[in-house]
2 protein chains.
Amino acid sequence: MTDSADRAIIAHLRRDGRATVAQIAADVSLSPAAVSRRLARLERSGVIRGYTAIIDDTRVGGLEAFIEIRMLGAVDAEQLADLARGIPQILEFYNVAGDPDLLVRLRVDDREELAGVVNQLRRTGLIAGTKTLIVLNSWIRT
Amino acid sequence: MTDSADRAIIAHLRRDGRATVAQIAADVSLSPAAVSRRLARLERSGVIRGYTAIIDDTRVGGLEAFIEIRMLGAVDAEQLADLARGIPQILEFYNVAGDPDLLVRLRVDDREELAGVVNQLRRTGLIAGTKTLIVLNSWIRT
DNA sequence: CTTGAAAATCGTTCCAC
DNA sequence: GTGGAACGATTTTCAAG
(Lines give C-alpha, C1' and ligand atoms only; values in the text may rest on other atoms or scores of the structure.)
Protein backbone atom coordinates (compact mmCIF):
# COMPACT_ATOMS: atom_id res chain seq x y z
CA MET A 1 0.00 0.00 0.00
CA THR A 2 2.98 2.32 0.60
CA ASP A 3 6.05 1.63 -1.48
CA SER A 4 9.42 3.34 -1.30
CA ALA A 5 8.26 6.22 -3.49
CA ASP A 6 5.42 6.90 -1.07
CA ARG A 7 7.82 6.87 1.84
CA ALA A 8 10.08 9.33 0.04
CA ILE A 9 7.12 11.63 -0.54
CA ILE A 10 6.15 11.34 3.12
CA ALA A 11 9.69 12.07 4.28
CA HIS A 12 9.79 15.15 2.11
CA LEU A 13 6.48 16.44 3.43
CA ARG A 14 7.58 15.77 6.97
CA ARG A 15 10.49 18.14 6.41
CA ASP A 16 8.44 20.69 4.48
CA GLY A 17 4.71 20.40 4.69
CA ARG A 18 4.21 23.14 2.13
CA ALA A 19 6.55 21.73 -0.48
CA THR A 20 5.11 22.01 -3.98
CA VAL A 21 4.30 18.93 -6.01
CA ALA A 22 7.05 19.93 -8.44
CA GLN A 23 9.64 20.06 -5.65
CA ILE A 24 8.63 16.66 -4.35
CA ALA A 25 8.60 15.20 -7.84
CA ALA A 26 12.17 16.34 -8.48
CA ASP A 27 13.24 14.91 -5.14
CA VAL A 28 11.72 11.47 -5.63
CA SER A 29 12.35 11.20 -9.38
CA LEU A 30 8.74 11.00 -10.46
CA SER A 31 6.59 13.22 -12.63
CA PRO A 32 4.49 15.90 -10.94
CA ALA A 33 1.40 14.15 -12.20
CA ALA A 34 2.41 10.91 -10.49
CA VAL A 35 3.19 12.71 -7.23
CA SER A 36 -0.15 14.49 -7.37
CA ARG A 37 -1.97 11.19 -7.72
CA ARG A 38 0.00 9.51 -4.95
CA LEU A 39 -0.56 12.47 -2.64
CA ALA A 40 -4.30 12.32 -3.19
CA ARG A 41 -4.28 8.61 -2.38
CA LEU A 42 -2.14 9.00 0.74
CA GLU A 43 -4.44 11.71 2.03
CA ARG A 44 -7.62 9.83 1.26
CA SER A 45 -6.37 6.63 2.85
CA GLY A 46 -5.38 8.47 6.02
CA VAL A 47 -1.66 7.79 5.95
CA ILE A 48 -1.26 11.55 5.74
CA ARG A 49 -3.58 12.83 8.45
CA GLY A 50 -3.14 16.47 7.65
CA TYR A 51 -0.71 19.34 7.61
CA THR A 52 0.13 21.93 10.19
CA ALA A 53 2.27 24.97 10.75
CA ILE A 54 4.97 24.71 13.39
CA ILE A 55 4.49 27.74 15.61
CA ASP A 56 6.92 29.23 18.12
CA ASP A 57 4.41 29.27 20.95
CA THR A 58 6.64 31.35 23.17
CA ARG A 59 6.14 34.24 20.74
CA VAL A 60 2.38 34.25 20.42
CA GLY A 61 1.67 34.63 24.09
CA GLY A 62 0.40 31.18 24.89
CA LEU A 63 1.62 28.48 27.21
CA GLU A 64 2.65 25.05 26.05
CA ALA A 65 2.69 22.01 28.31
CA PHE A 66 2.75 18.25 28.50
CA ILE A 67 0.67 16.29 30.96
CA GLU A 68 1.69 12.77 31.88
CA ILE A 69 -1.27 10.64 32.93
CA ARG A 70 -1.39 7.40 34.89
CA MET A 71 -4.63 5.52 34.40
CA LEU A 72 -6.60 3.60 36.95
CA GLY A 73 -6.32 -0.15 36.52
CA ALA A 74 -9.60 -1.02 34.88
CA VAL A 75 -9.66 1.92 32.48
CA ASP A 76 -9.22 1.60 28.74
CA ALA A 77 -6.94 4.05 26.97
CA GLU A 78 -9.62 4.53 24.31
CA GLN A 79 -11.97 6.07 26.85
CA LEU A 80 -9.41 8.68 27.76
CA ALA A 81 -8.48 9.28 24.13
CA ASP A 82 -12.10 10.14 23.41
CA LEU A 83 -12.37 12.32 26.50
CA ALA A 84 -9.22 14.19 25.54
CA ARG A 85 -10.67 14.87 22.11
CA GLY A 86 -13.36 16.84 23.84
CA ILE A 87 -10.82 19.14 25.46
CA PRO A 88 -9.89 21.57 22.73
CA GLN A 89 -6.67 22.69 24.37
CA ILE A 90 -5.23 19.20 23.93
CA LEU A 91 -3.48 19.09 20.58
CA GLU A 92 -1.82 15.68 20.68
CA PHE A 93 -2.58 12.48 22.55
CA TYR A 94 -0.11 9.59 22.97
CA ASN A 95 -0.79 6.21 24.45
CA VAL A 96 2.68 5.01 25.46
CA ALA A 97 4.34 1.88 26.80
CA GLY A 98 6.03 2.79 30.05
CA ASP A 99 5.20 4.88 33.06
CA PRO A 100 3.13 7.07 32.56
CA ASP A 101 0.45 5.45 30.40
CA LEU A 102 -0.53 8.55 28.48
CA LEU A 103 1.11 11.75 27.37
CA VAL A 104 -0.76 14.77 26.02
CA ARG A 105 0.55 17.99 24.54
CA LEU A 106 -1.53 21.10 24.94
CA ARG A 107 -1.63 24.84 24.44
CA VAL A 108 -3.40 27.29 26.72
CA ASP A 109 -3.55 31.04 27.06
CA ASP A 110 -2.45 31.20 30.71
CA ARG A 111 -1.91 29.22 33.92
CA GLU A 112 -5.57 29.37 34.92
CA GLU A 113 -6.59 27.69 31.71
CA LEU A 114 -3.91 25.07 32.31
CA ALA A 115 -5.26 24.43 35.77
CA GLY A 116 -8.72 24.04 34.25
CA VAL A 117 -7.53 21.37 31.84
CA VAL A 118 -5.78 19.43 34.60
CA ASN A 119 -8.90 19.55 36.75
CA GLN A 120 -11.05 18.50 33.83
CA LEU A 121 -8.85 15.45 33.41
CA ARG A 122 -8.83 14.53 37.09
CA ARG A 123 -12.58 14.95 37.41
CA THR A 124 -13.12 12.17 34.88
CA GLY A 125 -12.39 9.72 37.69
CA LEU A 126 -10.47 7.57 35.23
CA ILE A 127 -6.95 8.56 36.18
CA ALA A 128 -4.68 7.78 39.09
CA GLY A 129 -2.52 10.87 38.78
CA THR A 130 -1.04 13.52 36.55
CA LYS A 131 2.28 15.29 36.20
CA THR A 132 2.48 18.55 34.31
CA LEU A 133 5.55 19.71 32.41
CA ILE A 134 5.49 23.34 31.31
CA VAL A 135 7.54 24.04 28.20
CA LEU A 136 10.18 26.70 28.78
CA ASN A 137 11.92 26.40 25.45
CA SER A 138 11.85 24.09 22.48
CA TRP A 139 12.97 23.44 19.00
CA ILE A 140 11.46 21.38 16.22
CA ARG A 141 13.43 20.03 13.33
CA THR A 142 12.31 21.62 10.08
CA MET B 1 4.18 42.43 16.52
CA THR B 2 1.36 39.92 16.12
CA ASP B 3 -2.12 41.42 16.04
CA SER B 4 -5.42 39.59 15.93
CA ALA B 5 -5.24 39.13 12.17
CA ASP B 6 -1.88 37.42 12.54
CA ARG B 7 -3.28 35.15 15.21
CA ALA B 8 -6.21 34.25 12.97
CA ILE B 9 -3.80 33.36 10.17
CA ILE B 10 -1.73 31.26 12.56
CA ALA B 11 -4.81 29.49 13.87
CA HIS B 12 -5.86 28.67 10.34
CA LEU B 13 -2.44 27.32 9.41
CA ARG B 14 -2.35 25.27 12.60
CA ARG B 15 -5.51 23.53 11.45
CA ASP B 16 -4.42 23.24 7.82
CA GLY B 17 -0.78 23.85 7.08
CA ARG B 18 -1.36 23.57 3.35
CA ALA B 19 -4.23 26.04 3.20
CA THR B 20 -3.90 28.37 0.24
CA VAL B 21 -3.45 32.09 0.69
CA ALA B 22 -6.85 32.59 -0.89
CA GLN B 23 -8.51 30.28 1.64
CA ILE B 24 -6.87 32.00 4.56
CA ALA B 25 -7.76 35.41 3.17
CA ALA B 26 -11.43 34.47 2.94
CA ASP B 27 -11.32 33.16 6.50
CA VAL B 28 -9.73 36.21 8.06
CA SER B 29 -11.45 38.82 5.86
CA LEU B 30 -8.34 40.18 4.20
CA SER B 31 -7.14 40.25 0.64
CA PRO B 32 -4.81 37.49 -0.58
CA ALA B 33 -2.15 40.13 -1.04
CA ALA B 34 -2.33 41.19 2.59
CA VAL B 35 -2.22 37.61 3.80
CA SER B 36 0.76 36.91 1.58
CA ARG B 37 2.66 39.85 3.07
CA ARG B 38 1.79 38.88 6.63
CA LEU B 39 2.76 35.27 6.01
CA ALA B 40 6.15 36.29 4.69
CA ARG B 41 6.72 38.42 7.76
CA LEU B 42 5.63 35.71 10.20
CA GLU B 43 7.93 33.20 8.52
CA ARG B 44 10.89 35.55 8.36
CA SER B 45 10.54 36.59 11.99
CA GLY B 46 10.40 32.96 13.12
CA VAL B 47 6.90 32.97 14.60
CA ILE B 48 6.08 30.34 11.98
CA ARG B 49 8.99 27.92 12.22
CA GLY B 50 7.93 25.70 9.35
CA TYR B 51 5.30 23.31 8.12
CA THR B 52 4.97 19.58 8.36
CA ALA B 53 2.74 16.71 7.36
CA ILE B 54 1.00 14.82 10.14
CA ILE B 55 1.69 11.16 9.44
CA ASP B 56 -0.06 8.10 10.85
CA ASP B 57 3.15 6.43 11.97
CA THR B 58 1.45 3.16 12.72
CA ARG B 59 0.88 2.76 8.98
CA VAL B 60 4.35 3.49 7.64
CA GLY B 61 6.32 1.05 9.76
CA GLY B 62 8.39 3.29 11.98
CA LEU B 63 8.63 3.55 15.75
CA GLU B 64 7.83 6.73 17.61
CA ALA B 65 9.04 7.44 21.15
CA PHE B 66 9.58 10.08 23.78
CA ILE B 67 12.67 10.17 25.97
CA GLU B 68 12.57 12.00 29.27
CA ILE B 69 15.97 13.29 30.33
CA ARG B 70 17.24 14.37 33.72
CA MET B 71 20.33 16.52 33.48
CA LEU B 72 23.34 16.51 35.75
CA GLY B 73 23.47 19.51 38.03
CA ALA B 74 26.06 21.67 36.38
CA VAL B 75 24.83 21.12 32.83
CA ASP B 76 23.15 23.80 30.75
CA ALA B 77 20.07 22.87 28.75
CA GLU B 78 21.54 24.65 25.74
CA GLN B 79 24.39 22.17 25.56
CA LEU B 80 21.96 19.29 25.33
CA ALA B 81 19.75 21.13 22.88
CA ASP B 82 22.71 21.47 20.54
CA LEU B 83 23.72 17.86 21.05
CA ALA B 84 20.20 16.68 20.31
CA ARG B 85 20.23 18.65 17.07
CA GLY B 86 23.06 16.42 15.96
CA ILE B 87 20.95 13.30 16.39
CA PRO B 88 18.76 13.22 13.30
CA GLN B 89 16.20 10.84 14.78
CA ILE B 90 15.22 13.50 17.32
CA LEU B 91 12.43 15.56 15.82
CA GLU B 92 11.44 17.78 18.72
CA PHE B 93 13.26 19.00 21.82
CA TYR B 94 11.53 20.50 24.87
CA ASN B 95 13.14 22.11 27.86
CA VAL B 96 10.46 21.84 30.53
CA ALA B 97 9.82 23.00 34.05
CA GLY B 98 9.27 19.95 36.21
CA ASP B 99 10.83 16.54 36.52
CA PRO B 100 12.28 15.55 33.99
CA ASP B 101 14.21 18.55 32.70
CA LEU B 102 14.01 17.67 29.04
CA LEU B 103 11.64 15.82 26.76
CA VAL B 104 12.46 14.76 23.22
CA ARG B 105 10.25 13.21 20.58
CA LEU B 106 11.85 10.94 18.04
CA ARG B 107 11.19 8.52 15.21
CA VAL B 108 13.29 5.45 14.43
CA ASP B 109 12.98 2.49 12.12
CA ASP B 110 13.27 -0.20 14.82
CA ARG B 111 14.18 -0.93 18.42
CA GLU B 112 17.89 -1.23 17.68
CA GLU B 113 17.95 2.28 16.32
CA LEU B 114 16.07 3.45 19.39
CA ALA B 115 18.64 1.81 21.64
CA GLY B 116 21.36 3.57 19.67
CA VAL B 117 19.81 6.96 20.27
CA VAL B 118 19.44 6.31 24.00
CA ASN B 119 23.07 5.24 24.23
CA GLN B 120 24.18 8.24 22.23
CA LEU B 121 22.45 10.46 24.77
CA ARG B 122 23.87 8.67 27.81
CA ARG B 123 27.38 8.67 26.40
CA THR B 124 27.40 12.47 26.40
CA GLY B 125 28.06 12.31 30.12
CA LEU B 126 25.73 15.25 30.60
CA ILE B 127 22.67 13.42 31.81
CA ALA B 128 21.71 11.78 35.07
CA GLY B 129 19.15 9.41 33.60
CA THR B 130 16.61 8.72 30.88
CA LYS B 131 13.17 7.20 30.65
CA THR B 132 11.86 6.03 27.31
CA LEU B 133 8.18 6.01 26.38
CA ILE B 134 7.32 4.09 23.23
CA VAL B 135 4.24 5.35 21.44
CA LEU B 136 1.62 2.64 20.99
CA ASN B 137 -1.12 4.82 19.60
CA SER B 138 -1.77 8.50 19.13
CA TRP B 139 -3.94 11.14 17.64
CA ILE B 140 -3.24 14.70 16.63
CA ARG B 141 -5.91 17.34 16.32
CA THR B 142 -6.21 18.47 12.72
C1' DC C 1 4.15 4.26 -15.07
C1' DT C 2 5.44 8.23 -18.53
C1' DT C 3 5.18 12.92 -21.38
C1' DG C 4 2.82 17.02 -23.02
C1' DA C 5 -0.55 20.38 -23.00
C1' DA C 6 -4.66 22.71 -21.60
C1' DA C 7 -7.39 24.98 -18.09
C1' DA C 8 -8.04 26.49 -13.63
C1' DT C 9 -6.13 28.09 -9.55
C1' DC C 10 -2.75 30.27 -6.83
C1' DG C 11 1.13 33.45 -5.13
C1' DT C 12 3.68 37.50 -5.64
C1' DT C 13 4.59 41.99 -7.14
C1' DC C 14 3.33 46.59 -8.35
C1' DC C 15 0.56 50.51 -7.93
C1' DA C 16 -2.78 53.56 -6.01
C1' DC C 17 -5.30 54.61 -1.87
C1' DG D 1 -1.20 49.46 6.80
C1' DT D 2 -5.01 48.14 2.75
C1' DG D 3 -7.17 46.09 -1.89
C1' DG D 4 -7.14 45.26 -7.26
C1' DA D 5 -5.00 43.89 -11.29
C1' DA D 6 -1.42 41.66 -13.79
C1' DC D 7 1.88 38.24 -14.49
C1' DG D 8 4.27 34.05 -13.71
C1' DA D 9 4.21 29.72 -11.55
C1' DT D 10 1.74 25.71 -9.97
C1' DT D 11 -1.72 22.17 -9.70
C1' DT D 12 -4.77 19.17 -11.78
C1' DT D 13 -6.83 16.82 -15.40
C1' DC D 14 -6.83 15.10 -19.82
C1' DA D 15 -5.14 12.31 -23.90
C1' DA D 16 -1.95 9.09 -25.72
C1' DG D 17 2.05 5.92 -25.47
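Chain identifiers are assigned alphabetically (A, B, ...) following the order of the sequence lines, protein sequences preceding nucleic acid strands; residue numbering begins at 1 within each chain. As the structure is a prediction and not an experimental result, all values here were calculated from the model.
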Within this structure, what is the CD1-to-C1' distance between I24(B) and dT9(C), rounded to whole angstrom? 15 Å
When you match R18(A) and R38(A) each to their closest nucleotide on DNA chain C, which lands nearer the 5' end? R38(A)
What class does the angle between the rings of F66(A) and F66(B) fall in, given that below 30° is parallel, 30 to 60° is tilted and above 60° is perpendicular? perpendicular
Write down the distance between CD (Q23(A)) and P (dC10(C)), rounded to a whole number of angstrom. 18 Å
Does the distance from a Lys or Arg side-chain N to an Asp or Glu carboxylate O, for D57(A) and R14(B), drop under 4.0 Å? yes
Charged N to carboxylate O under 4.0 angstrom, R105(B) versus E64(B)? yes
Do the side chains of K131(A) and D99(A) get close enough for a salt bridge, i.e. N-O under 4.0 angstrom? no
Distance check needed: dG1(D) C1' versus L42(B) CG, whole Å only. 15 Å
dA9(D) phosphate, OP1 or OP2: any side-chain N/O from T20(A) under 4.0 angstrom? no
Residue R41(B), side-chain atoms from C-beta onward, closest of dG1(D), dC10(C), dT12(D): dG1(D)
Set of side-chain hydrogen bond (donor to acceptor under 3.5 Å, both in side chains) partners for Q79(A), sequence neighbours left out: none
Using ring-ring contact (aromatic ring centres under 6.0 Å, His included) as the criterion, list what pairs up with Y51(A), not counting sequence neighbours. none
CG of D16(B) versus C1' of dC10(C): gap in Å, rounded? 15 Å
With a 4.0 Å heavy-atom cut-off, tell me which residues in residues 29-37 of chain B come close to DNA chain C, sorted by residue number. P32(B), A33(B), S36(B), R37(B)
